[in-house]
Engineer: 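Quick one: the structure is below, and I'll ask about it shortly.
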Amino acid sequence: MKTIIDILTELFVDYKEITRTETIGLFEISINVIKANNFDVGIAQNVKDIVSSKDVLTIGININESFYSFDFTSGDNLEFIESWNQAVSPEENDVFSFVLRIEKDHSISGPVSLYDSFTFFQYLEKLDILDFIGIFNDIFVAGANSPCFILIGNQSILTTLTLHFGSIESASFSKISYAERLKILDKQVSVSHFTSISNLAVIPDDFFILEFDEKFPLSVRHKFEQACFVTSIAAIFDYTNLDGSNLTVRLNGYKSSRNVIPIESINREMVKTYYDIYAWVYQNGGLHDKIGLARNLISLHFENGDGHTLSKSVFSSIVSGYKVYEKQNVKQYIELRNRMSDHLISYNEKASKITESFASSFQKSALTFVTLFSSIVVVRSLTTGSISGAFSFNAVILSLAFLFCSFLYFLASLWEINQQKKRFDNSYKQMRNRNEDLLTVEDIDRILNNDSEHIDNLKYISSRRCIYSSIWLGSIFIFFVSVIYLKDRRSGEQQKSSASGGAILDIKSDTLKIDGKNWDSLKIEEMEKESKRQFGP
């Protein structure tokens with residue numbers, strides 16, 4: 001595959017290159033053109049086809065301090081072509097400068113193109129180790145989780161778990177997801193302190209070489225090894241600071257140490273040893289237990305007194321020591337699991353007690369209603385011999401007052417059960433969080449069955465609350481309607497009794513109704529005369 005330089009040389013007969021630069025974010029080449037062919041739009045398009053769609057290409061020429069640029073979007077390039085052709089004509093034959101600039105956007109997902117690998121590798125070689133780590137850190141901060149570097153026209157290959165240098169045909173992608181990266185970084189922040197990079201986004205996996213081709217520059221490969229060593233040390237030791245070519249570290253283990261490590265002094269064996277320890281520590285398991293054991297054993301295995309060279313057996317010693325540690329703590333682990341199971345049972349009991357308390361409040365309120373109404377009916381029956389008219393005005397007022405108080409009691413009980421449910425939920429979460437220091441999240445999920453019982457308890461409380469609330473409010477409503485109905489019925493009976501117990505004179509029929517009987521006026525006069533004869537006037 002042709003490179004941009006291969007294509008551009010078809011335009012130039014005689015030229016002198018001024019500068020050529022390639023970084024992560026920019027490729028730029030400047031040329032003094034002494035003799036060239038007439039401008040060919042097809043050649044410009046060939047250059048455009050090589051450039052990645054997410055990169056911005058600019059071609060320009062400077063003739064007699066006048067700058068002309070080739071516009072690939074609008075196609076309005078007549079002035080540029082005329083100026084080029086005039087400058088290279090035999091009559092003019094002016095020397096002019098040519099500039100090709102490509103601005104790369106590595107914040108967009110997808111491969112990062114390298115248009116001149118030789119120049120780019122030279123750029124990497126000149127960087128100190130902190131800047132070398134920094135440029136990749138900036139890429140991951142920008143959001144490119146799996147940058148794949150495509151070397152245009154070059155088959156050199158170097159591959160890590162997250163980075164790839166090679167042709168498009170050999171492209172590979174990250175074996176570490178964005179979520180896994182964040183999890184590792186969160187763990188690292190909790191157990192160590194790396195002061196050199198404030199917004200740390202790289203991990204040792206970014207630099208540990210899995211595959212490389214012999215054509216890949218040895219100096220760049222060595223940079224990757226140094227970066228892997230630095231980031232691995234930063235993830236394992238308590239304190240790490242990178243200043244220039246020196247790494248200052250502090251380790252608190254069985255023996256505490258503070259040392260300054262020259263970066264150039266590291267060897268490939270130490271890179272793999274520290275990376276293996278890092279990978280083991282940050283895998284699934286108790287992070288604090290693992291890193292504590294690793295620091296203890298590392299502090300006992302330093303050789304040469306340089307504070308970083310380890311014996312070859314240190315990694316196997318750490319793994320073996322952890323297995324012994326696990327066996328010694330199996331009993332403690334089982335006890336912890338049993339304690340969590342006991343907590344789970346107690347939370348089930350708490351859920352039942354919360355609903356029982358709400359139900360008990362309803363029962364007390366309902367019993368108050370029944371007692372009140374029964375008392376009213378019994379008192380009426382004993383005093384009058386009949387329950388008719390039991391709900392007098394005073395009794396109605398008293399009943400309504402009791403119903404209102406019961407409604408207020410319902411609101412208070414509802415607020416209380418909501419607060420108890422909230423505290424119940426918070427208490428469960430705190431219990432879970434406290435155990436995360438001793439067990440893995442996966443193990444806790446397994447013991448607690450992914451919180452299924454807790455979720456069922458919350459649903460149980462909510463359903464019981466809804467049921468008893470409905471019954472409570474329904475009871476209040478039924479008693480309220482009953483009181484109103486009995487009050488209206490008593491008023492009707494009083495009106496009926498008053499109408500049937502008095503004397504009414506029907507004027508139209510000259511009839512008097514007394515106690516429901518009809519008495520005409522003639523009959524009444526006869527009764528009066530008879531009374532006078534017997535008893536006198």
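FYI, side chains are in, hydrogens and waters are out, and symmetry mates aren't considered; it's all heavy atoms of this structure. Please read all numbers here as calculations on a predicted model, not as lab measurements.
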Engineer: With a 3.5 Å distance limit and no angle check, can you tell me whether S196 reaches the backbone of L242 through a side-chain donor-acceptor pair?
Structural biologist: yes
Engineer: Between E125 and S219, is there a donor-acceptor pair closer than 3.5 Å when you use the side chain of the first and the backbone of the second?
Structural biologist: no
Engineer: Classify the angle between the aromatic ring planes of F80 and F70 as parallel (below 30°), tilted (30 to 60°) or perpendicular (above 60°).
Structural biologist: perpendicular
Engineer: More than 12 heavy atoms of other residues, nucleotides or ligands under 6.0 Å from NZ of K421: is that the case?
Structural biologist: yes
Engineer: Hey, mind stepping through V51 and F27 against side chain to side chain contact (heavy atoms under 4.5 Å, CB included) and telling me if it holds?
Structural biologist: CA-CA 11 Å; V51 176; F27 171 76; over 6 Å; no
Engineer: Given side chain to side chain contact (heavy atoms under 4.5 Å, CB included), test T160 with F208 step by step and report yes or no.
Structural biologist: CA-CA 6 Å; T160 72; F208 185 74; 5.7 Å; no
Engineer: Is the F216 ring parallel, tilted or perpendicular to the F165 ring (thresholds 30°, 60°)?
Structural biologist: perpendicular
Engineer: Testing T231, V189, N137 for side-chain contact (heavy atoms from CB on, under 4.5 Å) with L200, which one passes?
Structural biologist: N137
Engineer: Should the pair F237 and F302 be assigned to parallel (<30°), tilted (30 to 60°) or perpendicular (>60°) ring geometry?
Structural biologist: tilted
Engineer: Closer than 4.0 angstrom, basic N to acidic O: yes or no for D425 and K429?
Structural biologist: yes
Engineer: Are F224 and F212 an aromatic pair, judged by ring center distance below 6.0 Å?
Structural biologist: no
Engineer: I need the E10 CD to F12 CZ distance, nearest 0.5 Å.
Structural biologist: 11.0 Å
Engineer: Is it the case that more than 12 heavy atoms not belonging to E303 sit under 6.0 Å from its CD atom?
Structural biologist: yes
Engineer: Using modelled atom types only, decide if a donor and an acceptor are shared between the side chain of D40 and the backbone of L11 within a distance under 3.5 Å.
Structural biologist: no
Engineer: Quick check with a 6.0 Å cut-off and a 45 degree axis cone: is K48 positioned over the face of F72's six-membered ring?
Structural biologist: yes
Engineer: Quick one: pull up CD in Q226 and CD1 in I129 and give me the separation to the nearest 0.5 Å.
Structural biologist: 4.5 Å
Engineer: Within a strict 4.5 Å, meaning less than it, do heavy atoms of the I31 and L100 side chains meet?
Structural biologist: no
Engineer: Taking C-beta and beyond as the side chain, do L161 and L210 meet within less than 4.5 Å on heavy atoms?
Structural biologist: yes
Engineer: Grab the two heavy atoms, one from K104 and one from D55, that are nearest each other, plus how far apart they are.
Structural biologist: CA-OD1, 3.2 Å
Engineer: Is it the case that D206 and T162 place a side-chain donor and acceptor less than 3.5 Å from each other?
Structural biologist: yes
Engineer: Identify the two heavy atoms, one from V281 and one from A294, that lie closest to each other, and give their separation to 0.1 Å.
Structural biologist: CG2-CB, 4.1 Å
Engineer: Looking only at side-chain N and O atoms, does N457 offer a donor or acceptor that is under 3.5 Å from a partner on Y428?
Structural biologist: no
Engineer: Considering the options I266, L247, L251, I277, which one meets the side-chain contact (heavy atoms from CB on, under 4.5 Å) requirement together with I233?
Structural biologist: L247
Engineer: Does any non-hydrogen side-chain atom of I203 lie less than 4.5 Å from one of Y278?
Structural biologist: yes
Engineer: Please report the shortest heavy-atom distance between V271 and E225, naming the atom on each side.
Structural biologist: CG2-O, 3.5 Å
Engineer: If I take atom CD1 from residue I236 and atom CD from residue Q188, how far apart are they, to the nearest 0.5 angstrom?
Structural biologist: 9.5 Å
Engineer: Do D116 and T21 have side-chain heavy atoms sitting under 4.5 Å apart?
Structural biologist: no
Engineer: Checking Y274 side chain against H308 main chain: does a donor-acceptor pair fall under 3.5 Å?
Structural biologist: yes
Engineer: Within this structure, what is the CD1-CZ distance for the pair I261 and F229, rounded to the nearest 0.5 Å?
Structural biologist: 4.5 Å
Engineer: Does T248 reach the side chain of R258, with side-chain heavy atoms less than 4.5 Å apart?
Structural biologist: yes
Engineer: Look only at the side chain of T240 and the backbone of F194, and say whether a donor-acceptor pair between them is shorter than 3.5 Å.
Structural biologist: no
Engineer: Side chain of D128, backbone of L130: donor and acceptor closer than 3.5 Å?
Structural biologist: yes
Engineer: Passes side chain to side chain contact (heavy atoms under 4.5 Å, CB included), Y115 versus S52? Steps please.
Structural biologist: CA-CA 10 Å; Y115 299 99; S52 172; 3.8 Å; yes
Engineer: Can you measure from CG (D71) to OG1 (T58) and round to the nearest 0.5 angstrom?
Structural biologist: 9.0 Å
Engineer: Using side-chain heavy atoms (C-beta onward) and a distance below 4.5 Å, is T273 in contact with V314?
Structural biologist: yes
Engineer: Determine, for Y239 and R250, whether the Lys NZ or Arg CZ falls below 6.0 Å from the six-membered ring centre while staying within 45 degrees of the axis.
Structural biologist: yes
Engineer: Identify the two heavy atoms, one from S190 and one from L287, that lie closest to each other, and give their separation to 0.1 Å.
Structural biologist: OG-CD2, 3.8 Å
Engineer: Output the distance between atom CG (L185) and atom CG (N199), rounded to the nearest 0.5 Å.
Structural biologist: 9.5 Å
Engineer: Check step by step if ring pair (Phe, Tyr, Trp, His ring centres under 6.0 Å) holds for Y15 and F98.
Structural biologist: CA-CA 10 Å; Y15 66 93; F98 169 86; 9.5 Å; no
Engineer: Can you establish whether the number of heavy atoms outside Q419 located under 6.0 Å from its atom CD is more than 12?
Structural biologist: yes
Engineer: Does atom CG (D243) have a neighbourhood of more than 12 heavy atoms from anything else shown, all under 6.0 Å?
Structural biologist: no
Engineer: Can R181 and D205 be counted as an ion pair, charged N to O under 4.0 angstrom?
Structural biologist: no
Engineer: Grab the two heavy atoms, one from V191 and one from R295, that are nearest each other, plus how far apart they are.
Structural biologist: O-NH2, 2.6 Å
Engineer: Without swapping roles, check the side chain of N259 against the backbone of V249 for a donor-acceptor pair under 3.5 Å.
Structural biologist: no
Engineer: Below 4.0 angstrom, N of the basic side chain to O of the carboxylate: do E103 and R101 qualify?
Structural biologist: yes
Engineer: What I'd like to find out is whether the side chain of I4 reaches to under 4.5 Å of the side chain of I102, using heavy atoms alone.
Structural biologist: yes
Engineer: Does any N or O in the side chain of D131 come within less than 3.5 Å of the main-chain N or O of G134, such that one atom is a donor and the other an acceptor?
Structural biologist: no
Engineer: Would you tell me whether D6 and T3 have side-chain atoms, one donor and one acceptor, within less than 3.5 Å of each other?
Structural biologist: yes
Engineer: Is there a donor-acceptor contact under 3.5 Å from the side chain of S320 to the main chain of S317?
Structural biologist: no
Engineer: Cut-off 3.5 Å, side chains only: do Q45 and D49 have a donor facing an acceptor?
Structural biologist: yes
Engineer: Working note: Y282 + K183, criterion side chain to side chain contact (heavy atoms under 4.5 Å, CB included); need CA distance, chi angles, decisive distance, verdict.
Structural biologist: CA-CA 9 Å; Y282 283 82; K183 188 176 180 180; over 6 Å; no
Engineer: Taking N252's backbone N and O only, do any of them form a donor-acceptor pair with S256's side chain (distance below 3.5 Å, no angle check)?
Structural biologist: no
Engineer: Minimum heavy-atom separation for I291 and A235, please, with both atom names.
Structural biologist: CD1-O, 3.7 Å
Engineer: Could you check if a side-chain atom of I209 sits within less than 4.5 angstrom of a side-chain atom of R221, using non-hydrogen atoms only?
Structural biologist: yes
